[in-house]
Number of protein chains: 2
Amino acid sequence: MANEGIRDSLKERGIRLTRQRQILLDLIDKSGEHLDAERLYSLARQEDPKLNRVTVYRTLKLLKQGGLVDELDLMHLGGDQHYYETRMKQEHAHVICLRCGKVEEFFGEPLQRLRRQIEDHFGFNVIIARTEIGGYCSHCQVLRAREMAVAAELPPQPAVPKKRAARRA
Amino acid sequence: MANEGIRDSLKERGIRLTRQRQILLDLIDKSGEHLDAERLYSLARQEDPKLNRVTVYRTLKLLKQGGLVDELDLMHLGGDQHYYETRMKQEHAHVICLRCGKVEEFFGEPLQRLRRQIEDHFGFNVIIARTEIGGYCSHCQVLRAREMAVAAELPPQPAVPKKRAARRA
DNA sequence: GTTAGTGCAAACCTTTTGCAGCTCT
DNA sequence: AGAGCTGCAAAAGGTTTGCACTAAC
């Protein structure tokens, strides 16, 4: 278990480390991807089928308020849900491909510089910074160019209804 | 009417400029604040009481897809709705006070620099960048310090239920 | 006269709340 | 025992969709 930082932080504030929270904590902590509540719920149920969706939301809220996880939108590409990541890493921007949905992380000095400038300029006390960048990754740029060329030759396509996520069980 | 840029852009793509859209366009364009759909709807109804909320959403989607407005979250301080602003201005970050809710805009070279670095680093084609910074404005920093001091002396406060926005009509 | 756009109602997805019962300490 | 948590059901908030009617070109 690698999430001792989080566990300690919770204990200090008298927050109980229940079985459900341990499951969720472990999942968030060791997941490579950016999980949303529904995905986290579905993973958690594999370990405890009784665990309720509401508990997932309550736990996420707790962690968010405690500054232990960051909440992301990832440009709302997958819908209006939120995504979560542990707040251990250095500040970084999320770079989201609008075509394939791949998410890259960018670390670099402009982020620190931006933070510093805003603190200086406004006398602002920065607590949390979120930078999300949408565009096309190198791979999708060529695919997209091709798609555009084809679309230009064809009569206007009948719009395919945007697929929504499957109704939850 | 100052929104000729938007009007032209719509016309070029054969999108009709209906009375409803003109109302909404004018409101978005000349509003100083960051409007959400509900606020826009309420303003629009003052000019046309028959105008439907759905039309507001459809128009916003249209403008967003056309790259004519940017969609913001403003750190979800006021709830999970989105805010909109015309995309005429130079790229800027939004700086939101987590206590009083005031939103400042920050223009500055770190933003351009960040964009450039990401394009170079990933070979990424940046279409839209969104930076939102939460923290405490200079004014609220002192108020907050005072509040914390008081809270520390008092027994734990009974949590006041978070007021949700009034149910829509 | 077409085709696109509107209004209405109803659905949808995501998240929150109320409350009774359970569980850590 | 007592505060804190959970699960369940139900609601809320924000947004989208289906469809018949209307209006812009």
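Just so it is clear: chains get the letters A, B, ... in the order the sequence lines come, proteins before strands, and each one is counted from 1. All heavy atoms count here, side chains included; hydrogens, waters and symmetry mates do not.
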Sidechain N-carboxylate O distance under 4.0 Å for A:R130, A:D73: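 Looking at A:R130 and A:D73, the cut-off is met.
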Minimum side-chain heavy-atom gap [X]-[Y] below 4.5 Å:
{"X": "B:Y41", "Y": "B:R39", "answer": "no"}
{"X": "A:H121", "Y": "A:Q117", "answer": "no"}
{"X": "B:H82", "Y": "A:D80", "answer": "yes"}

Find the bend of the helix from C:dG1-D:dC25 to C:dT25-D:dA1 as the angle between its two terminal axes (five pairs each), to the nearest 10°.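 Both end axes considered, the difference amounts to 30°.
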Determine, for B:Y136 and B:R99, whether the Lys NZ or Arg CZ falls below 6.0 Å from the six-membered ring centre while staying within 45 degrees of the axis.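 That pair does not qualify as a cation-pi contact.
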Please give me the minimum heavy-atom distance between A:L77 and A:G101, naming the atom from each residue.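 Nearest heavy atoms, A:L77 then A:G101: CD1-CA, 3.8 Å.
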Which atom of A:C100 lies closest to which atom of A:C97, heavy atoms considered: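 Taking A:C100 first and A:C97 second, the nearest heavy atoms are N-SG, 3.4 Å.
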OP1 or OP2 of [N] under 4.0 Å from side-chain N/O of [X]:
{"X": "A:K64", "N": "C:dT15", "result": "no"}
{"X": "A:H82", "N": "C:dT15", "result": "yes"}
{"X": "B:Y57", "N": "D:dT15", "result": "yes"}

Which ILVMFWY residues can you reach from A:L111 by hopping between side chains whose heavy atoms are under 4.5 Å apart?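 Via sub-4.5 Å side-chain contacts, A:L111 links to A:V95, A:F106, A:I133, B:L114, B:I118, B:F122, B:F124, B:V126.
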If you measure only the distance, is there a donor-acceptor pair under 3.5 Å linking the side chains of A:H94 and A:E132?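 No donor-acceptor contact under 3.5 Å links the two side chains.
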Which whole-number value in Å describes the distance from [X] [atom1] to [N] [atom2]?
{"X": "B:D73", "N": "C:dT14", "atom1": "CG", "atom2": "P", "answer": "15 Å"}
{"X": "A:Q81", "N": "D:dG13", "atom1": "CD", "atom2": "C1'", "answer": "16 Å"}
{"X": "B:Y41", "N": "C:dT6", "atom1": "OH", "atom2": "C1'", "answer": "13 Å"}
{"X": "A:D80", "N": "C:dC12", "atom1": "CG", "atom2": "P", "answer": "17 Å"}
{"X": "B:E38", "N": "D:dA12", "atom1": "CD", "atom2": "P", "answer": "15 Å"}
{"X": "B:L60", "N": "D:dT16", "atom1": "CG", "atom2": "C1'", "answer": "13 Å"}
{"X": "A:R39", "N": "C:dC13", "atom1": "CZ", "atom2": "C1'", "answer": "18 Å"}
{"X": "B:I23", "N": "C:dG7", "atom1": "CD1", "atom2": "C1'", "answer": "14 Å"}

Starting at the 5' end of nucleotides 5-10 of chain D, put B wherever the base has a protein heavy atom under 4.0 Å, S where only the sugar-phosphate does, and a dash everywhere else. SBBBB-
